[in-house]
Asker: 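Structure in structure tokens, see below.
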Amino acid sequence: MTATTVDIGTGPDGTLVIRPHGSLGDTDAVDLQRALVHAIRHTRPLRLVVDLIEVGQVDPINLGTLAAACLLGDEHKVAVFLDHPQPEVADRLASAGVPAHRVRHVTGGSRPPGS
């Protein structure tokens with residue numbers, strides 16, 4: 001993942017926002033993992049939002065990375081949220097064990113993940 005495929009910023013309330021663009025495939029896995037681990041372990045914001053609004057597909061490796069980031073965040077007292085996923089991605093996140101309250105604002109419908 002290069003600087004052209006992900007934006008990282010901080011909201012006015014201190015929330016760290018990571019916004020990837022395009023599809024997350026196996027070539028992005030290591031960089032996504034590093035960005036999330038660095039944010040959770042070193043930056044340690046109160047909230048970390050991974051905004052998936054511009055992400056179409058997420059491969060299994062990155063799906064697992066997003067699920068693991070929620071658990072790692074819990075261990076480090078960082079609330080991790082996955083915002084604006086496509087309905088299919090939201091369903092896959094639920095299948096990967098991501099709690100429903102971590103997946104917010106599913107695009108393309110108002111149904112909760114896994115329904």
Asker: Residues two or more places apart in sequence or in another chain: which of them pass side-chain hydrogen bond (donor to acceptor under 3.5 Å, both in side chains) with Asp51?
Answerer: Arg19, His84
Asker: Do Ile18 and Val49 sit in one hydrophobic cluster, given that two such residues count as connected whenever their side-chain heavy atoms are within less than 4.5 Å of each other, even indirectly?
Answerer: no
Asker: Are the side chains of Leu72 and Glu75 in touch, meaning some heavy atoms are under 4.5 Å apart?
Answerer: yes
Asker: Kindly indicate whether the side chain of Gln57, heavy atoms from C-beta on, has any atom under 4.5 Å from the side chain of Glu88.
Answerer: yes
Asker: Taking all atoms of both residues into account, what is the closest heavy-atom pair of Arg104 and Pro85, and its distance?
Answerer: O-CD, 3.6 Å
Asker: If you look only at pairs with a residue in residues 61-74, which of them pass as a salt bridge (charged side-chain N to carboxylate O under 4.0 Å, His left out), with sequence neighbours excluded?
Answerer: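 Applying salt bridge (charged side-chain N to carboxylate O under 4.0 Å, His left out) to every pair that reaches into residues 61-74, excluding sequence neighbours, yields Asp74-Arg102.
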Asker: Mind listing the closest non-hydrogen atom pair of Pro20 and Leu24 along with its distance?
Answerer: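 Smallest interatomic distance, heavy atoms only, reads CB-CD2, 4.0 Å.
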Asker: Work out which heavy atom in Leu16 is nearest to a heavy atom in Gly9; give both atom names and the distance.
Answerer: CD1-O, 3.4 Å
Asker: Under a 4.5 Å side-chain heavy-atom rule over Ile, Leu, Val, Met, Phe, Trp and Tyr, are Leu48 and Ile8 clustered together?
Answerer: yes
Asker: Which distance, rounded to the nearest 0.5 Å, do you find between the CG of Leu52 and the NE2 of His105?
Answerer: 12.0 Å
Asker: Going by side-chain hydrogen bond (donor to acceptor under 3.5 Å, both in side chains), name the residues that satisfy it together with Glu54, two or more places apart in sequence or in a different chain.
Answerer: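 By the side-chain hydrogen bond (donor to acceptor under 3.5 Å, both in side chains) rule, Glu54 matches His21.
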Asker: Would you indicate whether the side-chain heavy atoms of Val98 and Leu82 approach each other to under 4.5 Å?
Answerer: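 Yes, side chains in contact.
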Asker: What donor-acceptor contacts under 3.5 angstrom involve side-chain atoms of residues 35-44, with partners at least two apart or in another chain?
Answerer:
residue	atom	partner	partner atom	Å
Arg44	NH2	His76	O	3.1

Asker: Closest approach of Ala90 and Val103, non-hydrogen atoms and distance?
Answerer: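 That would be CB-CG1, 4.1 Å.
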Asker: Give every donor-acceptor pair under 3.5 Å between a side-chain atom in residues 62-69 and any protein atom, sequence neighbours left out.
Answerer:
residue	atom	partner	partner atom	Å
Asn62	ND2	Gly25	O	2.8
Asn62	ND2	Asp59	OD1	2.7
Thr65	OG1	Gln33	NE2	3.2
Thr65	OG1	Ile61	O	3.0

Asker: side-chain contact (heavy atoms from CB on, under 4.5 Å) with Arg47: which residues, sequence neighbours excluded?
Answerer: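 Residues passing side-chain contact (heavy atoms from CB on, under 4.5 Å) with Arg47: Asp13, Thr15, Ala79, Phe81.
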Asker: Is any side-chain heavy atom of Val55 less than 4.5 Å from a side-chain heavy atom of Val89?
Answerer: no
